[in-house]
Amino acid sequence: MTQAAPTRIALCCSHVEGATWEAQLRSALPDTAISTWPKADPEARCAIVWSPTQAFLDAHPALEVIFNMGAGVDALLRLQLPPQARIVRIEDGGMAVQMADYVCHAVLRHFREFDVYAGSAAAGQWAPRKPRFRQDFPVGVMGLGALGRRVAESVAAFDFPVLGWSQSPKQIEGVTCLHGADQFDRFLQGTRILVNMLPLTPDTQDIMRRDTLSRLLPGAYVINVARGAHLVEDDLLALLDSGHIAGATLDVTREEPLPAGHPFWQRREIALTPHIAAQTVVQEAIAQIAAKVQAGFDRADLPGAVDPSRGY
């Protein structure tokens, strides 16, 4: 009996955990033939990638499926893919719980004024503040995919009023779910703490700009854990100066790393982190990818498949 040829996989992984990905993939998929870029396998039908170059894609014209190591696929969609290739994203990979604890920390830090207390302590001041009320700080979560849903549910567990907004209808217990362009104003006007969880698409780029952020409740707070290109940075600074926005927690910026002279570094109202809100857990992501490869990555209903027309 002729033995079936092994599935050929091309791996492109330039970040610091590249060696870990390669070793664990070989262990999880022992019956596959894995080539690691810059070594090319023009016959590979499957690729597993993080920040691939156009040269990598051009060297692999037979690709039918491209597994992205993270949740966001906007950078990949900007490249010229083989016409038959589908993109499949990590659906969680251990990121949902990380995103939820990051956002909850940012919400509570602002609501409980822990940043103010830290400043008082640094100045040697014992300065209690009056309590604030949760009903005065409704949290609005833009984007209710797997990560956004987990964030909305987690914030609601702290008894905040939570609104969610997405392109299509969703139902989440404890969350007032709105959808579509017709309900976007209602969402903004009912939100004091805005959390951005949207995928980056042509429709969502610059969605947090002066006219949309101005519709938030006065003294609003912005948390961006999606992509820097969602936010018009000069508009945020102007609204901070006007007092309409009280502050922001930004895990992402338009230019990363954020340049040393950028105005954000000088603003005490802005808390910055270096794009670490949710990082892929290698073991969980590899288990997910391996299961899909073993089940047959050419199936029509492959979970996590991206619709290029929607960008997610």
request  = Answer with yes or no whether the side chains of H262 and E255 bring together a donor and an acceptor at under 3.5 Å.
outcome  = no

ask   = Under 4.0 Å between a Lys/Arg side-chain N and an Asp/Glu carboxylate O for D136 and R134?
value = no

request  = Would you check if the side chain of E233 reaches a backbone N or O of R254 as a donor-acceptor pair within less than 3.5 Å?
outcome  = yes

What side-chain donor-acceptor pairs closer than 3.5 Å can you find for residues 268-275, not counting sequence neighbours?
from : atom 1 : to   : atom 2 : distance (Å)
E269 : OE1    : R267 : NE     : 3.2
E269 : OE2    : R267 : NH2    : 3.0
T273 : OG1    : Y102 : OH     : 2.6
T273 : OG1    : D251 : OD1    : 2.6
H275 : ND1    : E256 : OE1    : 2.8
H275 : ND1    : E256 : OE2    : 3.3

Tell me which donor-acceptor pairs under 3.5 Å the side chains of residues 299-309 have, and how far apart each pair is, sequence neighbours excluded?
from : atom 1 : to   : atom 2 : distance (Å)
R299 : NE     : D301 : OD1    : 2.9
R299 : NH2    : D301 : OD1    : 3.4
R299 : NH2    : D301 : OD2    : 3.4
D307 : OD1    : S309 : N      : 3.0
D307 : OD1    : S309 : OG     : 2.6
D307 : OD2    : S309 : OG     : 3.2

task = Supply the members, apart from V252, of the Ile/Leu/Val/Met/Phe/Trp/Tyr cluster built from side-chain contacts under 4.5 Å; use none for a lone residue.
result = none

Ignoring hydrogens and angles, write down the donor-acceptor pairs under 3.5 Å from the side chains of residues 105-119, residues two or more places apart or on other chains.
from : atom 1 : to   : atom 2 : distance (Å)
E113 : OE1    : R129 : NE     : 3.1
E113 : OE2    : R129 : NE     : 2.9
E113 : OE2    : R129 : NH2    : 2.8
Y117 : OH     : R129 : N      : 3.1

query = When you measure from the side chain of T32 to the backbone N and O of I34, does any donor-acceptor pair fall under 3.5 Å?
reply = no

message = Taking A100's backbone N and O only, do any of them form a donor-acceptor pair with E153's side chain (distance below 3.5 Å, no angle check)?
response = no

ask   = Does any non-hydrogen side-chain atom of P82 lie less than 4.5 Å from one of H60?
value = no

Could you tabulate the donor-acceptor pairs under 3.5 Å formed by side-chain atoms of residues 173-188, not counting sequence neighbours?
from : atom 1 : to   : atom 2 : distance (Å)
Q183 : OE1    : H179 : N      : 2.8
D185 : OD1    : R215 : NH1    : 2.1

query = Just by modelled atom types, is the I207 backbone N or O under 3.5 Å from a matching donor or acceptor in the T212 side chain?
reply = yes

key: With sequence neighbours excluded, residues passing side chain to side chain contact (heavy atoms under 4.5 Å, CB included) with S27   = none

